[in-house]
Number of protein chains: 4
Amino acid sequence: MEQKEARTASGSLKEKQRHEREELILQVAEEVLAEKGYYETSIDEIASRVGIAKGTVYLHFPSKEDLVVAIFRRDMQQLLERVDGVVCTEATIHNKVEAVLRCMYGRFFVKRMQLFYSIYNSGDSKRHWKDHGGNLGMCWEQLAQRISDLLEQGKATGEFDVTIPTSVMLSAFFSLLSPRSYERLMVEGKMAGDELATYLGRIYFKGISNCSGNENENTRTSD
Amino acid sequence: MEQKEARTASGSLKEKQRHEREELILQVAEEVLAEKGYYETSIDEIASRVGIAKGTVYLHFPSKEDLVVAIFRRDMQQLLERVDGVVCTEATIHNKVEAVLRCMYGRFFVKRMQLFYSIYNSGDSKRHWKDHGGNLGMCWEQLAQRISDLLEQGKATGEFDVTIPTSVMLSAFFSLLSPRSYERLMVEGKMAGDELATYLGRIYFKGISNCSGNENENTRTSD
Amino acid sequence: MEQKEARTASGSLKEKQRHEREELILQVAEEVLAEKGYYETSIDEIASRVGIAKGTVYLHFPSKEDLVVAIFRRDMQQLLERVDGVVCTEATIHNKVEAVLRCMYGRFFVKRMQLFYSIYNSGDSKRHWKDHGGNLGMCWEQLAQRISDLLEQGKATGEFDVTIPTSVMLSAFFSLLSPRSYERLMVEGKMAGDELATYLGRIYFKGISNCSGNENENTRTSD
Amino acid sequence: MEQKEARTASGSLKEKQRHEREELILQVAEEVLAEKGYYETSIDEIASRVGIAKGTVYLHFPSKEDLVVAIFRRDMQQLLERVDGVVCTEATIHNKVEAVLRCMYGRFFVKRMQLFYSIYNSGDSKRHWKDHGGNLGMCWEQLAQRISDLLEQGKATGEFDVTIPTSVMLSAFFSLLSPRSYERLMVEGKMAGDELATYLGRIYFKGISNCSGNENENTRTSD
DNA sequence: AATGAATGAGTCTTCATTCAT
DNA sequence: CATGAATGAAGACTCATTCAT
């Protein structure tokens, strides 16, 4: 009864609460998924870690898959925003790409990226995620497109090596660090996330740069 | 007494057949696993694809996990042998590393590597595979050690950039191509496996080479 | 706030229902187990006899073993309570032991005891039930202790034969009737449960009594 | 070829060997079954303990059940022979029954009896063993008959209490010691098998004897 | 809206039994 | 005969999903 008074107000209030809860579920789910992997994570665990009932999760996400897809999308959105922010800058192409690299391999996103990798590379991805693939793929494609564009521009300005296909550059960019390797370096190698990103960047950019790399050339001619 | 010869003979025959069957299971299992991932692959499916009964699989491998571990070990063994073969060569360090790279990313091994990646990076790997981890890890460590050694040697000869930690070089080497990216480039980009390996090699070696990469240096100092 | 009361109320309601369901499962399971034995009883059958799904059983009992252990415990508890009730009485030692005997071999408990016997004597009990054995054994020990105490007291008062070790008396007490024999006598011999208990009691008590039993003594000395 | 020479001779030789092997299987099987129980014992284990192939067991016994039945029968046969030997004696009825008791609970047979009990009382016996039940039951009945006769004779001579039904006496006789209790007393109580049998005999015979058991009578009148 | 009990399809695994060699 | 590889039925257990409250 007392709820009737302000239906519109409570509507937006409820809406806000709903959104907050959804966000919380996404955060916790991402955490658990990153920790245990898709198949070892049960809806039960997510719900209990959030402190809600299992059914409530289904009130927000129609299936486990959809939950994961939502995480993908949310993170991709964030990443895209950051990337777009970078692209609009007045910096060098090289610096732009490097900034993007820092986004993805820096301490902030690497956890999320790990999750994507583990699911995206889990073999069954083709069939299993096809239904949602449209959306997922679209997000991913957008990101890939942004980076591709940057790489192409870099080639145009003569910064990047035109003899290497952009698609390969792109793949290499995405593959620079597997989740597992990351963990190794961070935990066993006690390396800071950003330091790592810096090193990887150096390898990558020297690798794709247009510099002649003449010493290499010499060694290469020897075979 | 006369049975003894027969026994050894039939023993080796049986042994051979057993080994063949086992090999067949391993092959098919590897295939299915690569296709569907660990969790989406059921022993039932492996068995029916091989054309045998479920129980027969268990005759050779005491559990699903053991089956996967056996695949790991077998492939690692092969890879290690190849790598060792390469290491013994009289080639440049650079060429040796490149040869190893071709092993791992060339048409032959990439499928296997994909499986390793998908399982190794599946998040729960730490806990789930620990029991067998000793063995698996050992195989993997051996491989990593071989490559680390090569990289260190390359640094010593001045071929590789000493300012980049070997561990990072190693990780980058292992991560050059994620299974998913590979598939993309092969299928959508219609790129030959070896061609791909060549491009990746160029990026990687230029990336870790000791060349000054002065253009890059210039752009880098600008930030 | 208004939910809090409801929550407690509904909590206890749910709790009650849960308990009822659990009790129902225990009853049916006990029945089936007694009928078919541990290994021939499948969770599926228990569930379908209760009229619920297999999973529901696992909602209450984490494993088949735990289900059986729960039955054990529940029945032991009941039995212990009855025995304790008897022990507190002002009756003769003899009468107390007889009352306990009636508990165990009377119509009420004999079914349950049968189940215990069949599992307890199933050969692999040592290994198989060890984990829970702590609890189970404890219940059983308590019962055994009560009866041992009574027997010792009986010896002290001169009612029972001090020349027979209490441990043997105890074992004989527990073994007075095997489940199978019970069934025979009840079904084929058309004997009432309590009548049977009376006869067994007579044999047992005369057997352990301190009476000289001179005829026997005579015949025994003849060999 | 060399086998052809003495087909008849070898026939009986083979026959003997076959019988020896069968006996060996029975012995080992009995051992394992007593150790692990029916359901926890696999044909595989029996075969490997005997040192033969699994299939060979099936050459002698068409099924696991049949193997167990054969053990039953063999042991029952032996027991019956001993009992018959005892019955033909010129001893007192009491002594005869006691001798039978020593057979069953003495060190020699108790292991076998344990196995019988555990299977016979395993709940599913009715349905599960029905096919063979005819035979098994027959053996058992014969034994029961012998003992019943003795008990009846004892009643006739006034040695045993005529007010207790023979069927109850018989059941009590068979139930005097459950396998589990036996183990307890032997292992924990460090009691010799024969000593135990003596104590049980004393309880049992005093229990079924015709002695007035006046002290007991006194205590009994007190309630 | 939130809950969490109930569901049941799907998986791994075991083992008695068969049969080609 | 002996073998032991192959079979496949059966059972314990999990967990995403549904739905009555």
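Being a predicted model, the structure only gives us computed values, none of them experimental. We name chains A, B, ... by the order of the sequence lines, and we start the count at 1 in each one.
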Name the closest nucleotide to the [X] side chain, picking from [options].
X       : options                : value
A/Lys64 : F/dT17, F/dA6, E/dT13  : F/dT17
A/Tyr58 : F/dA16, F/dA12, E/dT17 : F/dA16
C/Arg21 : E/dT3, F/dA2, E/dA6    : E/dA6

Given the rule in the side-chain contact (heavy atoms from CB on, under 4.5 Å) test, do A/Leu67 and A/Ile46 qualify, once you have shown the distances and angles that lead to the verdict? CA-CA 11 Å; A/Leu67 172 55; A/Ile46 293 171; 3.8 Å; yes

Whether the side chain of B/Thr41 engages the backbone of B/Gly37 through a donor-acceptor N/O pair (distance < 3.5 Å, no angle test) should be reported.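 The answer is yes, because a donor-acceptor pair under 3.5 Å joins these two groups.
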
For the pair B/Ser42 (side chain) and B/Glu45 (backbone), establish whether a donor and an acceptor sit closer than 3.5 Å, ignoring hydrogens and angles.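 Such a contact is found between B/Ser42 side chain and B/Glu45 backbone.
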
Nearest-Å distance, [atom1] ([X]) to [atom2] ([N])?
X       : N      : atom1 : atom2 : result
D/His19 : F/dC1  : NE2   : C1'   : 18 Å
C/Ile25 : E/dA6  : CD1   : C1'   : 11 Å
B/Tyr38 : E/dT11 : OH    : P     : 13 Å
A/Tyr39 : F/dC15 : OH    : C1'   : 14 Å
B/Gln17 : E/dA20 : CD    : C1'   : 11 Å
A/Leu59 : F/dA16 : CG    : C1'   : 16 Å
B/Glu22 : F/dA5  : CD    : C1'   : 13 Å
C/His60 : E/dT7  : NE2   : C1'   : 13 Å

Show me, pair by pair, the donor-acceptor contacts under 3.5 angstrom made by side chains of residues 17-29 of chain A, not counting sequence neighbours?
| from | atom 1 | to | atom 2 | distance (Å) |
| --- | --- | --- | --- | --- |
| A/Glu22 | OE1 | A/His60 | ND1 | 3.1 |
| A/Glu23 | OE2 | A/Arg74 | NH1 | 2.2 |

Which ones in residues 42-55 of chain C lie close to DNA chain E, meaning a heavy atom under 4.0 Å from one of its atoms? C/Ile52, C/Ala53, C/Lys54, C/Gly55

Derivation and outcome, side-chain contact (heavy atoms from CB on, under 4.5 Å), residues D/Tyr38 and D/Glu65: CA-CA 9 Å; D/Tyr38 182 75; D/Glu65 239 182 81; 3.8 Å; yes

Measure across A/Glu40 and B/Tyr39 and return the closest heavy-atom pair with its distance rounded to 0.1 Å. OE2-OH, 2.8 Å

From CZ (D/Phe72) to CD (D/Glu30), nearest 0.5 Å: 10.0 Å

C/Arg49/C/Glu35 salt bridge by N-O under 4.0 Å criterion: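 A salt bridge links C/Glu35 with C/Arg49.
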
D/Val69 and D/Phe61: CA distance, side-chain angles, deciding distance, side-chain contact (heavy atoms from CB on, under 4.5 Å) verdict: CA-CA 10 Å; D/Val69 169; D/Phe61 307 96; over 6 Å; no

Could you spell out the base pairing of DNA chain F in dot-bracket, with Watson-Crick or G-U pairs whose two distances are under 3.5 Å, [ ] crossing and | to another strand? .||||||||||||||||||||

With a cut-off of less than 4.0 Å, is there a side-chain N or O of B/Thr56 near OP1 or OP2 of F/dT7?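 Looking at the OP1 and OP2 atoms of F/dT7, one of them is under 4.0 Å from a side-chain N or O of B/Thr56.
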
